[in-house]
Amino acid sequence: MKRCITQFVVTGQVRAFSLVELVVSLSIAAVLLGTLASATFMAARILPDEDDPLTNTVRAGNCLSLLTGELGVATQITEWTTTAVAFTVADRDNDGNPERIRYAWSGTAGDPVTRRYNSDVPLPIVDNVTRFAITYDEQTITEYCGGAGVEDQTDSLLLEQGSGSSGLGFPVSGLVWIGGYLKPNIPASALAWRPTRLQIRAKQGTGSGTTLVQLRTVNEFLKPTAMVLEEHTLSNADLDVNYTWQEFAFTTIDLQPRDGALAAVVQYSSGSQSSTVMYSNVPSGCLWTISGGVFGWFYEPGFALRCRLYGKLTQPVGMQYWHHRYLRAVRVDIGIGDDAQRRTVTRIRTIHVPPLRRDYWQHDFHVDPTIVDGNGDGLSDWEMTLGNFDPAELSNGEWQPGLTRVLRNTPASIINTPTCVRVRMKDTLDNGPANAAHVSIACDRGGGTIAILHARLTTDGTTQTLTINEQITPVAEQTLFTATDLGTDFVDVQLIIDPTNDAITVFANSVLQGAATYTPMSDVGVLRNDVRLSGPGGDAVFDRVEIEVSEPHL
C-alpha cells in the first residue's frame, strides 16, 4: 500500500499586530466598556427600588382604582369593617345570581390587600401594605313601628250609635234580622282594641222566642260575614214592654286592629217574633236581611242600630323603631412601604346607595329558590324541610306550594335584634285556618326557651283575615290579634319581631294593624331560628318573601 502525503507550501509571510496597533485597540475597547458600564449604572439609577415612594403611590392608585370601579356599583353591602368590605354587584355571568366581591387586609404590616371574587381563592392585588383603613358614610332612615302593647285595665265607651233621635222599632223574626256596622274611632296613639261589652235597646216582641246577639267580622262591603266571633242568647220573656238597655259581655274575641270594624247582628233563634230592637234615622250604617240571610245583607247608611260598644285599648309602651341603613360613600386610606407619612386616600361614592345588610334573604319566585344565592354568602338562600323543591309549583313569579311543601331560609340566623319579615301572599280557597297561607317565625331565646309565631291568612270567599298566633306549648297556640277585611287579592304582610321586648308589630298593605307581646315557651325539640312558608291545603299563593335582620344604628 502506498501512502498519500499532502504538503502545504507557504508562499508568503503571516503578519502579526504591531505593538502600536495592540495599544490602540485596547484603548478603544476600554472606552467602549466604560461607556457600557456607565450606561448600565445610569439605567440602574433610573429604575426605582421596591420601596420607591413614586412606585408605591402608583401601586396604591391601581388598587384604589379597581376598588372604586367595583364598590361604586355595589347593590348591597354584606360586610363592613375598618379593614374589609364585602358587597354584591349585578349578575355578570348570566346565572341569575349577583356576584360577590370582597377586599380585605389582615391588619399586619407587610401583608397584601386581597380581592376575592365569588368563591375563588383570594388573590393579592398590592403587596407590602402598612395601612388599609376604611370609613363609611352612612344614611339612616328610621321607621316607627309602634311598641309593645299593654291593654287598658278598664274598658271604656268606644262607640255609640243612634242617639239624639226618636227610636224606631224593628221586629226580629225568622223572616227579618237587624244589625249594625261598628267601627270605633280609635285614638291614633292606640295600637289595637278589643270589644268587651255591647248594649242594645230592645223590648218584647208580639210573640215568644229567643234572639241571638252576635259580633261578627265584616267584609269589604261593610256587611257581616258568616264568621261569628261570639254570641249570646236574649229571651223575649226577659224583656220589658218598654225599651230598655240590654247588655252582653264579650270575653273571647281577639284584639282588633286600630282601624278594624265588626258587625253586631241581632238574629232570630226560635219562637215567633223573638224581640223588637230599636234603630234610628241617624247616619251610621244599619244592616238588615230577610229570609235568614239567604239573600245576603243590606247596608243602609242613613240609619243606625241603637247601641253602645265598650272595649279596651292596647296602648304602646315605649317606642319601637326600625333603622334602614344605606351606604352613600366610602373613604379608603392606604399606605405601602416603609414611609408611614406617605399615604393615598380616596373617596368612593356609591351610585345605587346600597343597603347595609348582614343577614338578608329575598326571593320573588321566578326561579327555584333553592338554587338562588341572592344575599351573596356563597350558599343557597332557601331549602325545603322535606324533599326537593318542585319547579312545577312555580307560575308567572308565584309559588303555590303542595300539601306538604315547607320552604325555609338557610342558614339560620340568630334573631337577637329587630327582624323584619315581609311576605306578599294570598289564600284562594275557603278551607279553614288549618289550610291557610302560613308564615312561621322561630326565635331561639336561649336557656331552653323558644318563641314561635304564626301568621295565617284565610279567606271566606269574600275577604281575607290575617291572624297572628303564638305557640304556647309544642301542640297548642294562642291568638294575639286578628286583622280583617283584607280583600281577595295579594296581601302585603310585614311582621317586625323585637326579641329584646318579646314584641311583634304587624302591618298589612302598609297599614299598621297593631302590636302585641308574646311569651317564649319551653322548648322540647331542637332550638332554631328561621322563617318558614307553607300552604297545607294547597290553596296558598306566595308572590314574594324578604327577611332582614336589622343592624343597630351607629
Side-chain angles (χ1 to χ4, degrees), residues 50-90 98-140 323-360 373 375-379 411 413-414 416-417 548-554:
E50 290 185 357
D51 198 38
D52 178 74
L54 179 59
T55 301
N56 288 339
T57 300
V58 172
R59 295 166 60 208
N62 291 336
C63 172
L64 295 179
S65 178
L66 181 61
L67 177 58
T68 299
E70 294 185 320
L71 182 56
V73 294
T75 54
Q76 67 175 335
I77 310 300
T78 57
E79 179 185 357
W80 54 98
T81 68
T82 57
T83 57
V85 59
F87 51 91
T88 60
V89 296
E99 314 304 335
R100 308 180 309 278
I101 302 174
R102 182 176 187 264
Y103 287 80
W105 180 53
S106 68
T108 301
D111 283 356
V113 170
T114 61
R115 174 183 178 271
R116 183 175 186 177
Y117 187 79
N118 288 331
S119 300
D120 296 344
V121 175
L123 298 176
I125 56 174
V126 61
D127 297 320
N128 196 25
V129 177
T130 55
R131 177 180 176 82
F132 187 69
I134 310 173
T135 54
Y136 303 87
D137 180 6
E138 297 181 20
Q139 176 183 4
T140 300
H323 300 296
H324 303 272
R325 296 170 62 192
Y326 301 89
L327 184 63
R328 296 189 300 185
V330 168
R331 182 180 183 272
V332 184
D333 183 346
I334 184 172
I336 300 175
D338 297 334
D339 188 354
Q341 302 302 317
R342 184 179 292 273
R343 304 198 306 269
T344 304
V345 180
T346 190
R347 178 180 171 85
I348 304 171
R349 297 188 63 85
T350 54
I351 296 175
H352 304 298
V353 191
L356 295 137
R357 291 168 171 163
R358 199 178 306 275
D359 290 320
Y360 179 74
D373 178 23
N375 59 3
D377 61 1
L379 303 171
S413 171
I414 299 176
N416 54 13
T417 60
E548 183 177 0
V549 180
S550 75
E551 292 292 329
H553 176 45
L554 301 179

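Just so you know, these numbers use all the heavy atoms, side chains as well, and skip hydrogens, waters and symmetry mates. None of the values given here were measured: they were computed from a predicted structure.
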Where the side chain of T130 meets the backbone of G335, is there a donor-acceptor pair that is under 3.5 Å apart?
-> yes
Is the shortest heavy-atom distance from the side chain of W80 to the side chain of L356 under 4.5 Å?
-> yes
Are the side chains of V126 and I336 in touch, meaning some heavy atoms are under 4.5 Å apart?
-> yes
With sequence neighbours excluded, what pairs up with D127 under the salt bridge (Lys or Arg N to Asp or Glu O under 4.0 Å) test?
-> none
Quick one: CG on L71 to CG on L64, what's the gap to the nearest 0.5 Å?
-> 11.0 Å
Backbone N or O of L327 within a donor-acceptor pair of the T350 side chain at under 3.5 Å?
-> yes
Supply the atom-to-atom distance Y136 OH to T82 OG1, rounded to the nearest 0.5 angstrom.
-> 7.5 Å
Check for a donor-acceptor pair, side chain of T114 on one end and backbone N or O of L123 on the other, with a separation under 3.5 Å.
-> no
Straight-line distance of R59 CZ to N128 CG, nearest 0.5 Å = 6.5 Å
From R100 atom CZ to Y117 atom OH, the distance as rounded to the nearest 0.5 Å | 9.5 Å
So which pairs with a foot in residues 60-70 pass side-chain hydrogen bond (donor to acceptor under 3.5 Å, both in side chains), sequence neighbours left out?
-> E70-Y103, E70-R115
Evaluate the side-chain proximity of Y326 to I77: yes if any heavy-atom separation is below 4.5 Å, no if none is.
-> no
What do the steps show when you test F87 against T75 for side chain to side chain contact (heavy atoms under 4.5 Å, CB included), and what is the final call?
-> CA-CA 7 Å; F87 51 91; T75 54; over 6 Å; no
Pairing residues for E99 by the salt bridge (Lys or Arg N to Asp or Glu O under 4.0 Å) criterion, not counting sequence neighbours = none
Salt bridge (Lys or Arg N to Asp or Glu O under 4.0 Å) against R116, all qualifying residues, sequence neighbours excluded | none
For R331, which residues count as a side chain to side chain donor-acceptor pair (under 3.5 Å) partner, sequence neighbours excluded?
-> none
Nearest heavy-atom contact between I125 and C63 is CD1-SG, 3.6 Å
Give a yes or no answer on whether the side chain of W105 reaches the backbone of R131 with a donor-acceptor pair at less than 3.5 Å.
-> no
Between A84 and E79, what is the shortest heavy-atom contact and its length?
-> CB-OE2, 3.7 Å
Quick one: OG1 on T78 to CZ on R357, what's the gap to the nearest 0.5 Å?
-> 11.5 Å
Test I134 against every option in D333, T83, T81, V85 by the side-chain contact (heavy atoms from CB on, under 4.5 Å) rule and name the one that passes.
-> V85
Could you note down all residue pairs passing salt bridge (Lys or Arg N to Asp or Glu O under 4.0 Å) where residues 344-353 supplies at least one of them, sequence neighbours left out?
-> D137-R347
Spacing of CD1 belonging to I334 relative to CZ belonging to R343, to within rounding of 0.5 Å | 11.5 Å
Report the C-alpha distance between T344 and T57 in whole Å, list the side-chain angles of each, state the deciding distance to 0.1 Å, and finish with yes or no for side chain to side chain donor-acceptor pair (under 3.5 Å).
-> CA-CA 7 Å; T344 304; T57 300; 4.8 Å; no
